[in-house]
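Report on one structure; see the data block that follows.
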Amino acid sequence: MSNHATFIWGIADLLRGNFKAHQYGDFILPFTVLRRLDSVLADTKPKVLEVIAEAEAKGLPVRPVLLKTKAGHQHSFYNTSRYDLGTLIGDTENLRENLLAYLHAFSENVRDIFVKYKIEDRIEELEENNLLLLVIQRFAEVDLHPEHVSNAQMGHIFEELIRKFAEASNETAGEHFTPREVIELMVDLLFENDDEALRDGDIVRSVYDPTAGTGGMLSVAEDHLTEMNPKARLTLAGQELNAQSYAICKADMVIKGQSVDAIVNDDTLLYDGHAGTTFNYCLSNPPFPPKCPCWGVGCCHDEQRRDCRMETTQRQATPTRHSFQLAA
């Protein structure tokens, strides 16, 4: 999968000269998400458009359950536009307008991802620099269809792109995601005491990550439980402050058919997006600032922030049955 990541990151060469290296990820990551979703929807798109047209003619609302029943569409998201990345480049004179219309045609749970990425601003910047067509053409060449790139492989591609983005921005990749081998160890430890119970029949469990990042811990936890017990179901919940990490996390979950209603984009320490909710498991790798002993984004010298941190941490720790926290 490193070849896919390398090819995608190579598209950044088109940006050289017009944009700084630390800006490349702002373009590459959201368009990678767009290309993946575009590829995932390809197989059912003709039938979905047919069902949507029938529903609109009858004045019926378009819902995933309707598309699943009538069009065999198994995903929780959809797009009502007749365009995809391949057909968009066929009308170069109206590329910008058609691309924006295509983005707006996604269901609301996916539109939110692109809003967090500020992709419309990126489109305007590419258009102003006469790069929009070139970038869309290159992304349209990338084959990210699920038959050729599995969900797990797509996760690895995301991680590699984030690592490259972090290097270009002089950041630490760990600020955005935890290495997969570390997550696998954490999940093993998390489930160890319940190993026998988790293998028993049609069980349902829940897991929460208060600093979800790109969703790696939630994803690996689900994969691990599915391997142990194919009949088991793990509901995922999380909260993430960084908008880009949140967008990647949510995109990955949407692709896998998971509900994204329990993924919140906000500061866990200041706003508890899951107040009153309990979970069977909790695991987290919170971001420790390199020059500050505090847990969280703020500094211990900020009295208001410190008080809120203590209050929020205590409130969130109470309902959790099992937790495993990795100190960075």
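Counting only heavy atoms from C-beta outward, the side chains of Glu160 and Trp9 never approach each other to under 4.5 Å. Taking the side chain as every heavy atom from C-beta outward, Ile89 and Leu85 never approach each other to under 4.5 Å. Glu192 places none of its side-chain heavy atoms less than 4.5 Å from the side chain of Asp195. Side-chain contact between Val207 and Asn280 is absent, with no heavy atoms from C-beta onward closer than 4.5 Å. Proximity of Leu88 to Tyr102: side-chain heavy atoms (C-beta onward) are separated by under 4.5 Å at one or more points. Two residues are said to be in side-chain contact when any heavy atoms from C-beta on lie closer than 4.5 Å; Leu41 and Val48 fail this criterion. Under the 4.5 Å side-chain criterion, counting only non-hydrogen atoms from C-beta, Arg96 is not in contact with Ile136. The shortest side-chain heavy-atom distance between Asp38 and Asp84 falls under the 4.5 Å cut-off.
Using a cut-off of 4.0 Å between Lys/Arg side-chain N and Asp/Glu carboxylate O, Lys250 and Asp112 are scored as salt-bridged.
In this structure, the side chain to side chain contact (heavy atoms under 4.5 Å, CB included) partners of Asp266, at least two apart in sequence or on a different chain, are Gln239, Val264, Tyr271. Residues that satisfy the side-chain hydrogen bond (donor to acceptor under 3.5 Å, both in side chains) test with Thr80, not counting sequence neighbours, are absent from this structure.
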| request: Give the C-alpha distance, both sets of side-chain angles, the deciding distance and a yes or no for side-chain contact (heavy atoms from CB on, under 4.5 Å) between Leu14 and Phe27. | output: CA-CA 11 Å; Leu14 297 173; Phe27 296 89; over 6 Å; no
| message | Walk me through whether Phe7 and Asn3 qualify under side-chain contact (heavy atoms from CB on, under 4.5 Å). | response | CA-CA 6 Å; Phe7 179 83; Asn3 290 336; over 6 Å; no
| request: Kindly indicate, with the supporting measurements, whether the criterion side-chain contact (heavy atoms from CB on, under 4.5 Å) is fulfilled by Phe77 and Val40. | output: CA-CA 10 Å; Phe77 64 97; Val40 168; 3.8 Å; yes
| query | Can you check side-chain contact (heavy atoms from CB on, under 4.5 Å) on Glu181 and Leu185, steps first, answer last? | reply | CA-CA 6 Å; Glu181 59 270 20; Leu185 173 60; over 6 Å; no
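Residue Val110 is not grouped with residue Val51 when hydrophobic side chains (ILVMFWY) are merged at heavy-atom distances under 4.5 angstrom, including chains of intermediate members. Cluster membership for Tyr78 and Leu100, using ILVMFWY side-chain heavy atoms within less than 4.5 angstrom, is not shared. Cluster membership check: Met154 shares its hydrophobic cluster with Val142, using side-chain heavy-atom separations under 4.5 Å among Ile, Leu, Val, Met, Phe, Trp and Tyr. Both Leu132 and Leu134 belong to a single network of hydrophobic side chains, linked directly or stepwise wherever heavy atoms of I, L, V, M, F, W or Y lie under 4.5 Å apart. Taken together through direct or relayed side-chain contacts under 4.5 Å among Ile, Leu, Val, Met, Phe, Trp and Tyr, Val33 and Val115 form parts of separate hydrophobic clusters.
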Donor-acceptor contacts under 3.5 Å from residues 54-67 side chains, at least two apart:
none

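Ring centroids of Phe31 and Phe139 are separated by less than 6.0 Å, placing the two rings close together.
Using cut-offs of 30° and 60° for the angle between ring planes, the Tyr208 and His274 rings count as perpendicular. Note on ring orientation: taking the six-membered ring where Trp is involved, the planes of Phe191 and Tyr281 are perpendicular (angle over 60°, cut-offs 30° and 60°). Ring-plane geometry between His75 and His73 is classed as perpendicular, the angle between the planes exceeding 60 degrees on a 0 to 90 degree scale with a lower cut at 30.
In terms of modelled atom types and a separation under 3.5 Å, the side chain of Thr211 and the main chain of Ser284 share no donor-acceptor contact. The backbone N or O of Ala140 sits less than 3.5 Å from a side-chain atom of Arg35, completing a donor-acceptor pair. At least one donor-acceptor pair under 3.5 Å links the side chain of Arg111 to the backbone N or O of Phe106. Under a 3.5 Å cut-off, the side chain of Thr268 and the backbone N or O of Pro210 do form a donor-acceptor pair. In terms of modelled atom types and a separation under 3.5 Å, the side chain of Arg36 and the main chain of Leu144 share a donor-acceptor contact. At distances below 3.5 Å, at least one donor-acceptor pair connects side-chain atoms of Asn129 with backbone N or O atoms of Glu125. Looking at Asp267, its side chain never comes within 3.5 Å of a backbone N or O of Leu241 through a donor-acceptor pair. Counting only distance, with no hydrogens or angles, the side chain of Asp143 and the backbone of His145 share a donor-acceptor pair below 3.5 Å.
Separation of atoms CG (Leu99) and CG (Leu34) is listed at 7.0 Å; rounding is to 0.5 Å. Here CG of Leu236 is found 6.5 Å from CD1 of Ile263. Values are rounded to the nearest 0.5 Å. Leu131 CG to Leu15 CG: the interatomic distance, rounded to the nearest 0.5 Å, is 6.5 Å. Atom CG of Asp91 and atom OH of Tyr83 lie 5.5 Å apart (nearest 0.5 Å). Distance check: Thr235 OG1 to Glu222 CD gives 10.0 Å after rounding to the nearest 0.5 Å. We find the CG-CG distance between Asn265 and Asn242 to be 8.5 Å, quoted to the nearest 0.5 Å.
Of all the heavy atoms in Gly25 and Pro30, the pair that sits closest is O-CD, 3.7 Å. Nearest heavy atoms, Thr32 versus Ile28: OG1-O, 2.7 Å.
Geometrically, Arg16 does not engage Tyr24 in a cation-pi contact defined by less than 6.0 Å to the ring centre and at most 45° from the axis.
Atom CD of Glu97 has more than 12 heavy atoms from other residues, nucleotides or ligands within 6.0 Å.
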